Amino acid sequence: VNPPELKILEEEITKVPNGRAVVLPITTMTRGHGTHSYPTIWGPYLARLLAETERDPEPKEESGPHGGLLLNPDGPLWEETAPDSFVARFLTTEGAFSIRVDREWAPKGADRFYQLVKNGFYDGVHINRVVEGFIAQFGLNGDPAVTAVWKDRRITDDPVTASNTRGRIAFATTGPDTRATQVFISLVDNSRLDEEGFSPFGEIVEGMDVVDRLYSLYGENAGGGMRGGRQGAIEGGGTAYIVENYPLLDFIVRAEIVM
């Protein structure tokens with residue numbers, strides 16, 4: 001926008017209750033003009049607008065509908081064994097994708113993923129690490145208190161019985177026996193990761209095109225990977241920090257077990 005238009009925007013937004021003006025940087029996704037932007041640009045903003053304006057007569061718990069459960073990882077629901085095979089559906093600001101999990105591939109990983117999805121851990125979580133030609137990674141909860149509780153709730157490794165090919169999902173790690181809540185989807189054939197111990201437990205069966213469209217221009221800058229040691233700001237600031245600093249990141253509106 002031109003400076004005069006920006007001044008008008010800044011003045012007028014103050015008249016809107018709880019209003020917030022958004023200025024987008026010009027990138028390949030805006031195609032030089034706001035009205036020509038790809039839907040990827042507007043998805044996160046639209047989802048937040050709908051969530052904040054939705055009429056909900058029932059008061060929500062401070063940490064969301066699963067808040068108390070997520071803060072008590074020693075509860076019995078976190079011991080539940082996953083079915084031999086199940087499908088998890090993820091509705092995101094870019095669209096929906098589904099993951100079929102085969103417990104035989106990685107039993108411990110499948111059980112943890114099943115528990116996290118079923119108990120609402122991934123609801124509202126941003127997909128903060130999307131590296132074009134590599135992976136899309138998520139798993140840092142938007143509530144810093146929840147993240148703190150789960151950061152060291154690690155599970156031991158599964159043997160690698162399936163390969164990290166395109167569309168497969170596995171837990172991220174910092175070394176042996178460090179899987180917790182962060183997972184990644186391979187955007188390409190990453191079979192080279194097999195020898196590093198990354199054990200896939202499922203694969204995308206619907207919506208890989210959605211995964212391919214996840215916002216990737218922040219790359220490694222929005223926290224990066226677990227081994228990079230730069231996730232502290234997201235862990236401590238949660239959703240508020242991400243919205244302020246990386247507003248275009250797509251996020252998971254809801255994740256659920258569907259079959």
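The model shown is predicted, which means the values in this text are computed figures rather than measured ones.
- Closest approach of G236 to P144, counting heavy atoms only: O-CG, 3.4 Å.
- Remark: side-chain polar atoms of W150 are paired, donor with acceptor, to backbone N or O of L70 under 3.5 angstrom.
- Taking CD from E104 and OG from S85, the interatomic distance works out to 10.5 Å, rounded to the nearest 0.5 Å.
- With hydrogens and angles disregarded, a donor-acceptor distance shorter than 3.5 Å links the side chain of R179 to the backbone of T156.
- By the 6.0 Å contact criterion, CD on E80 is enclosed, its count of non-hydrogen atoms from other residues, nucleotides or ligands being greater than 12.
- Each of F171, W105, Y114 was compared with F201 under the ring-ring contact (aromatic ring centres under 6.0 Å, His included) criterion, and only F171 meets it.
- Side-chain atoms of D74 and N72, non-hydrogen and from C-beta on, do get closer than 4.5 Å to each other.
- Of all heavy-atom pairs between T178 and D157, the closest is N-OD1, 4.3 Å.
- Criterion: ILVMFWY side-chain heavy atoms under 4.5 Å apart, direct or through other members. Under it, W78 and F86 are part of a common hydrophobic cluster.
- At a threshold of 4.5 Å between side-chain heavy atoms, the hydrophobic network of Ile, Leu, Val, Met, Phe, Trp and Tyr places I127 and F184 in two separate groups.
- In this structure, the ring-ring contact (aromatic ring centres under 6.0 Å, His included) partners of Y218, at least two apart in sequence or on a different chain, are Y215, Y246.
- A distance of 9.5 Å separates OG1 in T173 from CG in L193, rounded to the nearest 0.5 Å.
- Two different hydrophobic clusters hold I204 and I135 under the rule that ILVMFWY side chains link at heavy-atom gaps under 4.5 Å.
- For the side chain to side chain donor-acceptor pair (under 3.5 Å) criterion with R129, the lone passing option out of E220, Q182, Q231 is E220.
- For the pair N190 (side chain) and F134 (backbone), a donor-acceptor distance under 3.5 Å is present.
- Side-chain contact between D143 and T147 is absent, with no heavy-atom pair separated by less than 4.5 Å.
- Legend: residues meeting ring-ring contact (aromatic ring centres under 6.0 Å, His included) with F138, ordered by chain and number and at least two apart, are F90, Y122.
- For E206, the side-chain contact (heavy atoms from CB on, under 4.5 Å) criterion is met by S98, not counting sequence neighbours.
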**Request:** In sequence, state the C-alpha distance, the side-chain angles, and the governing distance for D250 and T92, and then conclude on side-chain hydrogen bond (donor to acceptor under 3.5 Å, both in side chains).
**Result:** CA-CA 7 Å; D250 285 298; T92 77; 5.5 Å; no
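- For the residue pair A106 and S199, the shortest heavy atom distance occurs at CB-OG, 3.5 Å.
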**Message:** Using side-chain contact (heavy atoms from CB on, under 4.5 Å), reason through I234 and N128 one step at a time and then give a plain yes or no.
**Reply:** CA-CA 9 Å; I234 295 179; N128 66 291; 4.0 Å; yes
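- For the pair I99/V205, no side-chain contact is recorded, criterion being any heavy-atom separation below 4.5 Å from C-beta on.
- M208 is listed as a side-chain neighbour of L187, based on a closest heavy-atom distance under 4.5 Å.
- One finds a salt bridge joining D111 and R103 here, because a Lys/Arg side-chain nitrogen approaches an Asp/Glu carboxylate oxygen to under 4.0 Å.
- In this structure, the side chain of T93 engages the main chain of F251 through a donor-acceptor pair within 3.5 Å.
- Side-chain contact check for L77 versus L69: some heavy-atom pair is nearer than 4.5 Å.
- The distance from the CZ atom of R153 to the CD atom of Q115 is 10.5 Å, given to the nearest 0.5 Å.
- Proximity of R166 to D212: side-chain heavy atoms (C-beta onward) are separated by under 4.5 Å at one or more points.
- Separation of atoms CD (E256) and CZ (R89) is listed at 6.5 Å; rounding is to 0.5 Å.
- Between atom CG of residue N119 and atom CG of residue L116 there is a gap of 8.0 Å, rounded to the nearest 0.5 Å.
- Salt bridge status for D194 with R192: absent, with no side-chain N to carboxylate O gap under 4.0 Å.
- The environment of D84 atom CG is sparse: at most 12 non-hydrogen atoms of other residues, nucleotides or ligands sit within 6.0 angstrom.
- A chain of hydrophobic side-chain contacts below 4.5 Å, direct or via other Ile, Leu, Val, Met, Phe, Trp or Tyr residues, connects I185 to F113.
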**Asked** Can you check salt bridge (Lys or Arg N to Asp or Glu O under 4.0 Å) on D102 and R100, steps first, answer last?
**Response** CA-CA 7 Å; D102 189 334; R100 185 183 66 235; over 6 Å; no
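- In this structure a side-chain-to-backbone donor-acceptor pair under 3.5 Å is missing from S191 to T165.
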**Request:** Under the side-chain contact (heavy atoms from CB on, under 4.5 Å) rule, what do Q137 and V130 come out as? Steps first, then yes or no, please.
**Result:** CA-CA 6 Å; Q137 181 171 323; V130 183; over 6 Å; no
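- A distance of 8.0 Å separates CD1 of I252 from CG of D123, quoted to the nearest 0.5 Å.
- Heavy-atom minimum distance, S163 versus R168: O-NH1, 2.8 Å.
- For V125 against G139, the heavy-atom pair with the smallest separation is CG1-N, 3.7 Å.
- Counting heavy atoms from C-beta outward, V211 and L214 have side chains that approach closer than 4.5 Å.
- Residues V131 and L140 do not share a hydrophobic cluster, clusters being chains of Ile/Leu/Val/Met/Phe/Trp/Tyr side chains in contact below 4.5 Å.
- Put simply, the side chain of N141 reaches to within 4.5 Å of the side chain of F121, judged on heavy atoms.
- Nearest heavy atoms, V117 versus A88: CG1-CB, 4.2 Å.
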